[in-house]
Amino acid sequence: MMSDFKKDLKEYAKTMGVDLIGFASQERFNGVVPEENPFVIFPEGKTVILIGKRITRGALRGIEEGTNFGDYSMFGSSWLDDNFNSSMCYEMTRYLEDRGYEAVPMFPNPVEAKKMGVPVGEGKTAPNVTPDFQYAAVACGLGEIGYCGEILTPEFGPRQRWQMIITDAEIEQDPILEERVCTQCNKCAKVCPLGAFTERKTVKICGKQMEIGNIDFNLCKKCQNGAFANRLLKSAKPDRLAALCVRTCVHELDVQKKVSNSFKKPFRRHDAWSIDIYDKKRKVKVEQ
Ligand code: SF4
Ligand code: SF4
């Protein structure tokens, strides 16, 4: 049974506009490398709380139609991370600290930032710990890594962004998500005009096994189909949440009724556009 503390916290989160929330205890992070382990930042911490807010389907519309990229980059990306999610995360940390628990708010910095460790002399660098949010989403029972290489949730598929709180409050963890969201349809790979999916691989997090595509992110960095350079660290994996591959997944999960945030009309209403590696524009047939 859920404790009153957790119930009240979840209620409060809802009033703050949190769409997704999940909890994981420290043991679920045993074995995670120190540079990506949230409990290296706060060793006395007991619980990771992951909170998420949806990327509205409409925020992707301008990219899907090829008519407007700018508004997604704010409502679907920078404002969502820097304003909406951050204030929600901050209010949650205040809620916990008002009740006597330390709460560390964490922004989803790219894991590649760990390579930028601060020099501490004699050729050594202090680890710059940047938790792996994909790992945390699975560990908190919120979703799975889909074949497209992004987190899929039963609520929104690939349409969400995350922030994290590490706290010394001991809160019961959520079960690992058992249901499968990814249909393994392979459409994200087939639609990629750059052939960035090479083969498949298996990853296991907290006992959950997932089949994901092996993706050449160097090709994704050249992609002009709605992928963006990571705005925090240019050399990091690009942001693919609005790219053709992931938008194809949004459509697939809509059509297959795999997400609870459903709509009266399908996402993809006509053939999608794509640009290949030679800058040639072509049309991608809608697959229902
Ligand atoms: S498009 Fe299909 S295979 Fe790819 S991630 Fe989505 S559901 Fe999985
Ligand atoms: S981001 Fe672009 S290049 Fe990378 S997998 Fe998606 S469609 Fe292909």
Side-chain angles (χ1 to χ4, degrees), residues 54-55 57 60 63-66 69 72-73 76-77 110 112 134 137-138 142-161 177 179-203 205 208-231 234-263 266-268 271-288:
R54 79 188 80 176
I55 297 170
R57 203 179 80 167
L60 295 168
I63 298 191
E64 175 66 10
E65 304 299 324
F69 278 36
Y72 166 79
S73 71
S77 177
E112 292 87 344
Q134 285 202 330
V138 177
L142 287 161
E144 67 182 32
I145 305 175
Y147 192 74
C148 65
E150 301 294 342
I151 286 289
L152 307 182
T153 64
E155 291 83 2
F156 305 110
R159 292 189 293 108
Q160 58 265 310
R161 293 190 186 273
L177 184 75
E179 79 177 88
R180 294 282 158 181
V181 185
C182 179
T183 61
Q184 295 287 315
C185 67
N186 213 27
K187 288 177 185 169
C188 47
K190 276 197 270 170
V191 81
C192 173
L194 276 64
F197 286 74
T198 47
E199 51 202 45
R200 63 176 54 227
K201 60 182 179 188
T202 304
V203 291
I205 297 174
K208 187 176 174 74
Q209 197 159 301
M210 293 156 284
E211 293 288 310
I212 68 172
N214 204 22
I215 299 161
D216 181 346
F217 292 116
N218 284 322
L219 281 173
C220 299
K221 283 180 183 169
K222 299 190 176 97
C223 179
Q224 299 178 63
N225 299 282
F228 290 84
N230 188 301
R231 67 193 182 89
K234 284 227 159 13
S235 59
K237 194 179 97 173
D239 188 328
R240 300 161 63 243
L241 292 182
L244 179 60
C245 50
V246 177
R247 281 182 285 114
T248 300
C249 182
V250 168
H251 182 66
E252 162 72 7
L253 298 180
D254 260 6
V255 170
Q256 301 301 335
K257 304 199 183 327
K258 296 290 284 182
V259 283
S260 59
N261 184 224
S262 58
F263 292 81
F267 176 62
R268 185 157 288 162
D271 296 350
W273 60 273
S274 79
I275 298 177
D276 69 16
I277 197 86
Y278 307 107
D279 287 351
K280 290 240 165 60
K281 209 164 184 172
R282 57 192 175 99
K283 291 283 182 189
V284 179
K285 268 234 108 9
V286 196
E287 277 193 61
Q288 298 297 346

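For ligands, and for the atoms within them, numbers begin at 1 and follow the listed sequence. From a predicted model like this one, the values you see are computed outputs, not experimental measurements.
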Q: Can you report which non-hydrogen protein atom sits closest to atom 8 (Fe) of ligand 2, along with the distance?
A: Cys192 SG, 2.3 Å
Q: Taking C-beta and beyond as the side chain, do Thr153 and Leu177 meet within less than 4.5 Å on heavy atoms?
A: no
Q: For Ala243, which part has a heavy atom under 4.0 Å from ligand 2: side chain, backbone, both, or neither?
A: side chain
Q: If you measure from each non-hydrogen atom of Lys258 to ligand 1, which part falls under 4.0 Å: side chain, backbone, both or neither?
A: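 Answer for Lys258: neither.
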Q: Would you please say whether a donor-acceptor pair under 3.5 Å links the side chains of Thr183 and Glu252?
A: yes
Q: Using a strict 4.0 Å cut-off to heavy atoms of Cys182, name the atoms of ligand 1 that fall inside it.
A: 3 (S), 5 (S), 7 (S), 8 (Fe)
Q: Quick one: look up the protein heavy atom nearest atom 4 (Fe) of ligand 1 and list residue, atom name and how far away it is.
A: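 Ranking protein heavy atoms by distance from atom 4 (Fe) of ligand 1, first comes Cys188 SG, 2.3 Å.
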Q: State whether a side-chain donor-acceptor pair under 3.5 Å links Ser235 with Glu112.
A: no
Q: Can you check side chain to side chain contact (heavy atoms under 4.5 Å, CB included) on Arg161 and Ser77, steps first, answer last?
A: CA-CA 8 Å; Arg161 293 190 186 273; Ser77 177; 3.8 Å; yes
Q: Please determine whether Cys245 has a backbone or side-chain N, O or S atom lying under 2.8 Å from atom 8 (Fe) of ligand 2.
A: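 It does not; every qualifying atom lies at 2.8 Å or beyond.
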Q: So, Asn261 and Arg159: side-chain donor and acceptor under 3.5 Å apart, yes or no?
A: yes
Q: Inspect the contact between Arg268 and Asp254 and indicate whether a charged nitrogen and a carboxylate oxygen are less than 4.0 angstrom apart.
A: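 No, no charged N to carboxylate O under 4.0 Å.
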Q: Using a strict 4.0 Å cut-off to heavy atoms of Asn186, name the atoms of ligand 1 that fall inside it.
A: 2 (Fe), 3 (S)
Q: Quick one: look up the protein heavy atom nearest atom 5 (S) of ligand 1 and list residue, atom name and how far away it is.
A: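 The answer is Cys148 N, 3.3 Å.
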Q: For atom 2 (Fe) of ligand 1, does an N/O/S atom of Cys249 lie at less than 2.8 Å?
A: no
Q: Judged by atom type as modelled, is there a donor-acceptor pair below 3.5 Å linking the side chain of Lys237 to the main-chain atoms of Cys220?
A: no
Q: Could you walk me through whether Thr248 and Val250 pass the side chain to side chain contact (heavy atoms under 4.5 Å, CB included) check?
A: CA-CA 5 Å; Thr248 300; Val250 168; over 6 Å; no
Q: Record the part of Phe197 in heavy-atom contact with ligand 2 below 4.0 Å; permitted values are side chain, backbone, both and neither.
A: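 The answer is the side chain of Phe197.
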Q: When you measure from atom 2 (Fe) of ligand 2 to every protein heavy atom, which one gives the shortest distance, and what is it?
A: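 Protein heavy atom with the smallest distance to atom 2 (Fe) of ligand 2: Cys223 SG, 2.4 Å.
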Q: Looking at Arg240 and Glu150, is any side-chain nitrogen of the basic one under 4.0 Å from a carboxylate oxygen of the acidic one?
A: yes
Q: Which atoms of ligand 1 have any heavy atom of Gln184 under 4.0 Å away?
A: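 Within the 4.0 Å cut-off of Gln184, ligand 1 contributes 3 (S), 8 (Fe).
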Q: Counting only heavy atoms, tell me which of Val181, Thr183, Ile145 gets closest to atom 7 (S) of ligand 1.
A: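 Of the listed residues, Thr183 has the closest heavy atom.
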